[in-house]
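Everything below concerns the one structure shown next.
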Amino acid sequence: MNRTSNVSGRIFGSLSIALALSLAAVGCKKKDEGGAPPAGAKATEAGGTAAKAEPAVKAPATVINEADWELKDLHSIAPLINVSMKVPKTAKLEKNGNGGVDITISPTYMLTVSSQAVSNIKEAMDSEKSYTVGNSSYINGKVLSEEPNGFVYTYQMKTEENGNTYQPEAHFAYYLEKDGAIYAVTDPRSLDAFSTPGSAWTEDNAKKVYAIVKASAKIN
């Protein structure tokens, strides 16, 4: 009985090992066939996969309709800004920490009117260009259109080391000068829109708002 039991035990043990090896082989085959990362993907630290970095989802652009804009004296908002210009009737206007006026048109689109401590408009424009299209922190920076009093431009945030990419965005800068006083109207990213995709600032909107500001902005 003992010999029979030992033989049976060895047979049972051999069958168990064979079954385990068979299951392991099937599992490895499935992993090889369906578990490999897809082309263009990279492994994560947790052992999973991550799709190749792509630009953020396109953001909805602010609708610009001049019919909804009206002339506003910004001096009533900030004493340092002696300028009147058209702004959207529904825009929020407030004095900022630099003594200028922030005009919030939508959650992602804002205009800023500020006083410039420069000797002439060319100096102000050169400074703005060095901060935007000429900034080494950005790529693909270029001037799309330019006049003596302003310009429309585009640039793109640099791709991060982890592969995260950014969308190009378009902005403008317009300047007014009278009796030595120089003011700038720009459309910078607000802090609230810091993480908004660049497509929220379209070339079409930059040119539209530039045209409205150019036609309506006057020093009082």
Side-chain angles (χ1 to χ4, degrees), residues 59 61-66 68-118 120-135 137-138 141 143-147 149-155 157 169-178 181-220:
T62 301
V63 176
I64 302 297
N65 183 3
E66 189 176 358
D68 298 327
W69 294 45
E70 63 181 0
L71 194 65
K72 182 74 176 182
D73 183 0
L74 304 182
H75 184 71
S76 63
I77 307 298
L80 290 179
I81 306 301
N82 198 29
V83 173
S84 292
M85 59 179 268
K86 277 188 174 183
V87 300
K89 298 174 184 177
T90 57
K92 178 183 178 182
L93 282 66
E94 56 187 343
K95 178 181 176 182
N96 61 36
N98 296 318
V101 178
D102 287 340
I103 304 165
T104 303
I105 298 176
S106 74
T108 59
Y109 200 84
M110 179 183 78
L111 300 180
T112 292
V113 184
S114 58
S115 176
Q116 302 290 290
V118 293
N120 54 59
I121 288 179
K122 183 179 183 306
E123 183 181 343
M125 287 179 64
D126 288 345
S127 176
E128 184 69 15
K129 287 177 183 177
S130 68
Y131 183 71
T132 55
V133 295
N135 194 324
S137 297
Y138 306 133
V143 174
L144 299 174
S145 62
E146 182 173 356
E147 298 176 319
N149 282 55
F151 65 106
V152 178
Y153 62 94
T154 182
Y155 66 79
M157 294 286 288
E169 52 193 86
H171 298 274
F172 77 89
Y174 183 78
Y175 302 89
L176 303 99
E177 180 178 13
K178 182 179 180 181
I182 299 176
Y183 301 93
V185 184
T186 58
D187 63 338
R189 273 180 177 261
S190 67
L191 292 177
D192 291 339
F194 181 78
S195 299
T196 302
S199 53
W201 293 272
T202 66
E203 179 179 337
D204 185 54
N205 273 358
K207 290 180 175 179
K208 279 183 179 179
V209 179
Y210 177 91
I212 295 172
V213 171
K214 176 183 174 181
S216 67
K218 299 290 185 294
I219 295 179
N220 299 330

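Fair warning: this is a prediction, and the values are worked out from it, not measured in the lab. One-based numbering along the sequence shown.
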Going through the distances and angles, do Y138 and V133 end up as a side-chain contact (heavy atoms from CB on, under 4.5 Å)?
-> CA-CA 7 Å; Y138 306 133; V133 295; over 6 Å; no

Report the residues that fulfil ring pair (Phe, Tyr, Trp, His ring centres under 6.0 Å) with Y174, sequence neighbours left out, ordered by chain and then residue number.
-> Y210

Sequence neighbours left out, what pairs pass side chain to side chain donor-acceptor pair (under 3.5 Å) with at least one residue falling in residues 92-101?
-> N96-D102

So, do [X] and [Y] sit near enough that their side-chain heavy atoms are less than 4.5 Å apart?
X: M125; Y: Y175; value: yes
X: M85; Y: V113; value: yes
X: T132; Y: N135; value: no
X: F172; Y: T186; value: no

What's the spacing between [X] [atom1] and [Y] [atom2] if we round to 0.5 Å?
X: K218; Y: N82; atom1: NZ; atom2: CG; result: 14.0 Å
X: Y109; Y: T104; atom1: OH; atom2: OG1; result: 12.0 Å
X: I121; Y: D126; atom1: CD1; atom2: CG; result: 12.0 Å

Test log, rule salt bridge (Lys or Arg N to Asp or Glu O under 4.0 Å), inputs E66 and K86 = CA-CA 9 Å; E66 189 176 358; K86 277 188 174 183; 3.2 Å; yes

Closest heavy-atom pair and its distance - [X], [Y]:
X: G100; Y: A78; answer: O-CB, 3.8 Å
X: V101; Y: L74; answer: CG2-O, 4.0 Å
X: P107; Y: A193; answer: O-CB, 4.2 Å
X: T62; Y: S106; answer: OG1-OG, 2.7 Å
X: V118; Y: A124; answer: CG2-CB, 3.9 Å
X: A61; Y: T202; answer: CB-CG2, 3.7 Å

Evaluation steps, side-chain contact (heavy atoms from CB on, under 4.5 Å), between K72 and L93 | CA-CA 10 Å; K72 182 74 176 182; L93 282 66; 3.7 Å; yes

Verify, without hydrogens or angle tests, whether N205 (side chain) and W201 (backbone) share a donor-acceptor contact under 3.5 angstrom.
-> no

Answer yes or no: is there a donor N or O on one side and an acceptor on the other, between the side chain of S127 and the main chain of E123, under 3.5 Å?
-> no

Between N220 and D73, is a side-chain contact (heavy atoms from CB on, under 4.5 Å) present by the stated rule, with each step listed?
-> CA-CA 8 Å; N220 299 330; D73 183 0; 2.9 Å; yes

Are S114 and Q116 close enough, and set up right, to give a side-chain hydrogen bond (donor to acceptor under 3.5 Å, both in side chains), and what steps lead you there?
-> CA-CA 6 Å; S114 58; Q116 302 290 290; 3.0 Å; yes

In sequence, state the C-alpha distance, the side-chain angles, and the governing distance for K214 and E147, and then conclude on salt bridge (Lys or Arg N to Asp or Glu O under 4.0 Å).
-> CA-CA 11 Å; K214 176 183 174 181; E147 298 176 319; 2.8 Å; yes

Is E146 salt-bridged to K129, cutoff N-O under 4.0 Å?
-> yes

Whether F151 and Y153 hold their rings parallel, tilted or perpendicular, with breakpoints at 30° and 60° = tilted

Any pair with a residue in residues 183-200 that passes salt bridge (Lys or Arg N to Asp or Glu O under 4.0 Å), sequence neighbours left out, goes on the list, sorted by first then second residue, please.
-> E169-R189

Should E177 and Y183 be marked as a side-chain contact (heavy atoms from CB on, under 4.5 Å) after you check the CA-CA gap, both sets of side-chain angles, and the distance that decides it?
-> CA-CA 7 Å; E177 180 178 13; Y183 301 93; over 6 Å; no

